[in-house]
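Shown next, in structure tokens, is the structure this report addresses.
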Amino acid sequence: MTENSANTPPQTPTQPPIRVRIAPSPTGDPHVGTAYIGLINFIYARQRGGQFVLRIEDTDRARFVATSEQMIFDALHWLGLTWDEGPDVGGPYGPYRQSERTAIYREYVEILLKNGTAYRAFEDAEELEALRQRQIAAKLPPRYDGAHRSLTQQQIDAYRAEGRPYVIRLKVPEGSTTFRDELRGDITFEHSNVDDQVLMKSDGFPTYHLANVVDDYLMRITDVIRAEEWISSTPKHVLLYQAFGWPTPRFWHMPLLRNLDKSKISKRKNPVSLVYYRETGFLPQAVINFLGLMGGGMPSPTPVEVVNGAKESEIFSLDEMVQKFEVPNIRLGGPVFDLTKLKWLNSEYLRALTPDAFFTALRSTVLSDDYLRNISTLIQTRVETLGQFGDLTAFLLKDNILPPPEVWVPKKRTPEETLLFAADQLALLETTEWTHEAMELVLKQLGEEKSWSVKENFMLLRAIVSGSTMSPPLLESMVVFGKARTLDRLRRFQDTQKKLAHK
RNA sequence: GGCGUUAUGGUGUAACUGGUUAACACGUCGCCCUCUCAAGGCGAAGAGUCCGGGUUCGAGCCCCGGUAACGCUACCA
């Protein structure tokens with residue numbers, strides 16, 4: 001370890017200043033879950049005069065999306081959340097982007113290697129997969145078998161001389177780990193159920209677990225407020241703090257936002273992109289208000305308020321949340337992210353706007369100059385009079401499109417195979433760069449693979465996106481309409497057809 | 001399968017330290033208002049608090065045992 005002024009423990013006998021953080025991964029569109037956890041952290045920090053840190057966890061090179069980081073900043077700002085330290089605003093504990101901290105992780109993992117709490121493992125992905133398959137076949141829990149836990153120095157040197165890639169794993173000792181969850185109390189895990197977690201991947205990047213613990217320590221985070229899905233990996237984190245000889249922060253695990261069927265919120269069943277909410281015309285005040293309703297936390301209205309204006313008790317601003325929200329009062333049951341209620345809230349905010357503000361809201365979102373300009377270029381050569389604008393562009397202005405089967409099922413296809421193909425299109429477009437050229441290429445490839453003619457292929461997509469077999473150029477329209485809204489439309493189509501099929 | 005977490009109307013929440021008939025909001029339905037649709041007003045249905053035991057004069061709140069749902073179980077976060 002080199003000299004590092006940030007090396008003092010985050011918790012000294014005199015209460016250190018509260019510091020919290022969110023650590024989103026730039027792997028796609030900014031997620032409502034990120035906003036939810038961000039909101040809770042923001043409130044917690046603001047209430048206690050603490051600092052709120054934004055850290056970008058971009059250690060997964062495979063899933064990295066270059067445009068994602070800026071979208072995260074924009075979406076959180078849109079909601080009114082601000083942070084004291086982060087990649088964009090700097091701060092005393094930077095860098096705040098994990099990809100810029102790899103030297104730090106290497107340095108720290110070296111400490112673990114030296115003190116015997118971590119070790120090199122030379123198996124490659126195939127070997128591990130084979131091991132996993134054997135364990136599953138034998139009905140054993142799939143787990144790393146610790147084969148390389150105690151390689152001799154000679155073996156290690158030999159492997160390294162060959163240039164064989166390796167990962168660094170945490171050496172989980174015998175026993176058990178108990179940690180306190182501030183919302184639930186003590187939680188204990190037997191170490192027999194804790195895997196020798198990979199800390200450093202063979203590409204030299206840390207895994208979440210290592211980077212997270214090292215950064216939280218170096219950034220002097222006092223309270224880790226994150227989603228419930230992290231509970232099972234918390235013992236690994238605690239073990240890491242111990243391996244380094246560092247005190248642990250407080251842990252608060254927030255309930256997971258859910259779909260209507262109670263599963264963890266997902267794009268299949270709900271719009272989860274904050275971009276979607278912005279583009280389809282939700283007001284940020286409504287979205288943040290709705291998020292504040294999730295999991296309780298706001299005080300219940302007094303009887304007087306109930307009599308005089310019960311509604312008021314569910315409508316509150318970010319500032320009011322900072323004043324009244326109590327993080328420790330959070331309910332633990334996973335709240336359903338119910339669009340119906342969000343829409344009601346949004347309508348309340350919309351109605352409360354002055355006519356002028358309402359018009360401005362409209363003109364800055366679904367009828368913005370930029371949007372209208374982009375649309376207009378699509379139809380200029382296709383209209384006889386300007387009055388036909390609406391006829392040709394309605395599908396780009398509407399919230400919902402529901403094409404009938406005679407429109408979306410090609411003549412020589414069955415509804416079943418068409419639906420299947422549409423699902424393939426959707427899956428493909430989800431991971432495709434949102435440009436005309438990129439989409440055209442992958443769609444045509446898909447068509448060839450599945451023996452769908454270009455005409456059938458694009459006509460189907462056109463039907464789903466525009467609700468008609470006639471439209472301005474499809475891919476250009478999709479680009480203008482935007483990835484978030486287009487994909488949501490495709491997903492809603494799948495969803496609707498599935499529901500119809502089950503009836 | 002293993003481990004962990006959670007559980008109040010369809011949904012979000014409420015119910016002081018156990019204390020009357022489990023409250024509020026969204027949604028749904030009906031009525032009123034109204035050129036329509038919303039909004040607004042009035043009203044209704046909808047849970048006996050996951051299930052089974054126990055403690056207690058009294059349990060949604062405490063204890064024990066189940067069940068279900070969800071999460072984790074990657075060189076993803």
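Note that the coordinates shown come from a computational prediction; the quantities given were computed from them, not determined experimentally. Naming convention: chains lettered A, B, ... in sequence-line order (proteins, then strands); numbering from 1 in each chain.
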So, is [X] close to the [N] phosphate, meaning a side-chain N or O under 4.0 Å from OP1 or OP2?
X	N	answer
A/R169	B/C75	yes
A/T59	B/A77	yes
A/K236	B/U73	no

**Prompt:** Do A/F179 and A/I187 come within less than 4.5 Å of each other through their side chains, counting heavy atoms only?
**Reply:** yes

**Prompt:** Is there side-chain contact between A/M254 and A/I37, with heavy atoms separated by less than 4.5 Å?
**Reply:** yes

What's the closest nucleotide to the side chain of [X] if the choices are [options]?
X	options	result
A/R351	B/A39, B/C75, B/C26	B/A39
A/K264	B/C72, B/A25, B/A77	B/C72
A/N193	B/A77, B/G2, B/G71	B/G2
A/S202	B/C75, B/U5, B/C26	B/C75
A/Y208	B/C75, B/A39, B/A77	B/A77

For [X], answer base if it contacts any base atom (sugar-phosphate contacts may also be present), sugar-phosphate if it contacts only those atoms, and nothing otherwise; contact means non-hydrogen atoms under 4.0 Å.
X	value
A/T188	sugar-phosphate
A/V198	sugar-phosphate
A/D124	base
A/E190	nothing

**Item:** Integer-rounded Å distance: B/A39 P and A/K343 NZ
**Value:** 14 Å

**Complete:** Taken to the nearest whole Å, CD/A/E348 to C1'/B/G27 is 14 Å

Assign the ring pair [X] / [Y] to parallel, tilted or perpendicular, where the plane angle (0 to 90°) is split at 30° and 60°.
X	Y	value
A/F282	A/Y276	tilted
A/H148	A/F122	tilted
A/H237	A/H209	tilted

**Partner nucleotide, any strand, of B/C29 [Watson-Crick/G-U, under 3.5 Å]** = B/G43

**Salt bridge A/K269-A/D261, side-chain N to carboxylate O under 4.0 Å** = yes

**Item:** Check ion pair A/R101-A/E57 (N to O, under 4.0 angstrom)
**Value:** no

**Request:** In whole angstrom, give me the gap between the P atoms of B/A59 and B/U49.
**Result:** 11 Å

**Asked** In whole Å, what separates the P atom of B/G19 from that of B/C63?
**Response** 16 Å

**Item:** Under 4.0 Å protein heavy-atom contact, by nucleotide of nucleotides 6-12 of chain B - B base, S sugar-phosphate only
**Value:** S-B--SB

